[in-house]
Number of protein chains: 2
Amino acid sequence: MAGQLRDNSQYMTDVTRKEEDTIDFEIIELLFFAYRDFTGDPDAILEKSGFGRAHHRVVHFVNREPGMTVADLLDTLKITKQSLARVLKQLIDSGYIRQVTGPEDRRQRMLYTTKEGQALARALAEPQSRRIADALAKTGPGAREIVKRFLVNMKNSAAD
Amino acid sequence: MAGQLRDNSQYMTDVTRKEEDTIDFEIIELLFFAYRDFTGDPDAILEKSGFGRAHHRVVHFVNREPGMTVADLLDTLKITKQSLARVLKQLIDSGYIRQVTGPEDRRQRMLYTTKEGQALARALAEPQSRRIADALAKTGPGAREIVKRFLVNMKNSAAD
DNA sequence: AAAGAAATGTCAGCTTTGTTGACACAATTC
DNA sequence: GAATTGTGTCAACAAAGCTGACATTTCTTT
């Protein structure tokens, strides 16, 4: 029962019972547990390479959108450039990401994964992808489309 | 287009295309964006009370399972007791959570939210719950059951 | 051409939230 | 009585976020 919640209905006060009617605690918690375990998947690999979850996100998105600029990345991750600079520099120095001066706008730095970066991104994504595939298979046919639409609806719309 | 990804198919190398076949990058990213924006909802309230997301999680789970012990909470959150001690102490000192010596095992500390704690937990959960309800409504009838099963399947099973 | 704005990099310092290791104390169990 | 368990606490450290300030290069606007 580690990491789960017990049935606690016998403890419920009237206030709690009323909240239960209007607030979707169940999905809120399931999201927490699902995401916690989902992000835990790549930890073993990250530890070996000496990187953290911040590095994971950077390698992932640069690998997914080759040629994206620093500004693009900041916008995707929603962190400050000082925060990004730290992990990005480490990834460049370690040879997982390289920068190319923008061909039109020479102020920009287009980001690309190296061969090593691609391998790392793939290795990190693999256990997560397997977890998703297993979960979708267990949930039943048609689950992927529903889940995908739900997740799209959960995130903020384009005009952030 | 802030925080989103462009169509980058024209940049794809053969390696990337092969990965696309076997790795579910799409759901991986949607989970990231959905969870990022979902956890951003309570930020305004947290800033006002001077608490962080760690406090949020503690108040939430204690409110959901009144009488849970410190060990239960550690098991749920999967953090160390030293890390928990910091935020728990602040929540107790601020009057949002109170401790009661265990009736059977007097070493245990049963945790309860105060009236203020319940109000805080509810206020924090409200925008998240609204986001979920809206997303489910847009996704269509029957979405809740599918999403719920998917999330249950995504988390690690009971024997962590 | 000069002035301004934009994209990026960097320095310095701070905060939150996680970690390890060590130790203390009271209460329970063997 | 000894060992174990549940909890608290001290100290130090690490990851990853933040703000503010300032420099450089390059583009855009006037």
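All chains are named by letter (A, B, ...) in the order of the sequence lines, taking the proteins before the strands, and each is independently numbered beginning at 1.
We find the CZ-CD1 distance between Arg144(A) and Ile27(B) to be 4.0 Å, quoted to the nearest 0.5 Å. For the atom pair Ile146(A) CD1 and Leu151(A) CG, the distance stands at 11.5 Å (nearest 0.5 Å). Taken from CG in Leu88(B) to NZ in Lys81(B), the straight-line distance is 13.0 Å, to the nearest 0.5 Å. Atom CZ of Arg57(A) is separated from atom CD1 of Ile79(A) by 7.0 Å, given to the nearest 0.5 angstrom.
In this pair, His56(B) and His60(B) present their aromatic rings perpendicular. The plane angle is above 60°, beyond the 30 to 60° band.
Take Phe32(B) and apply the ring-ring contact (aromatic ring centres under 6.0 Å, His included) test, not counting sequence neighbours, and it matches Phe61(A). In this structure Ser129(B) satisfies the side chain to side chain contact (heavy atoms under 4.5 Å, CB included) test together with Ile23(A), Asp24(A), Ile28(A), sequence neighbours excluded.
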With side chain to side chain donor-acceptor pair (under 3.5 Å) as the test, would you mind laying out the steps for Arg122(B) and Thr22(A) before giving the verdict? CA-CA 10 Å; Arg122(B) 187 195 174 81; Thr22(A) 50; 3.0 Å; yes

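Running 5' to 3' along DNA chain C, contacts with non-hydrogen atoms of chain B at under 4.0 Å begin and end at dT17(C) to dT28(C). Counting 5' to 3', DNA chain D first comes under 4.0 angstrom of a heavy atom of chain A and last does so at the ends given by dA16(D) to dC27(D).
Of the residues in residues 80-91 of chain B, those placing a heavy atom less than 4.0 Å from an atom of DNA chain C are Thr80(B), Gln82(B), Ser83(B), Arg86(B), in numerical order.
If Asp105(B) and His55(A) are placed on DNA chain D by their nearest nucleotide, the residue sitting closer to the 5' end is Asp105(B).
Salt-bridge annotation for Glu29(A) and Lys155(B): absent, with no side-chain N of the basic residue lying under 4.0 Å from a carboxylate O of the acidic one.
Within the structure, the side-chain hydrogen bond (donor to acceptor under 3.5 Å, both in side chains) test picks out the following pairs touching residues 97-106 of chain A (sequence neighbours left out): Asp105(A)-Arg107(A).
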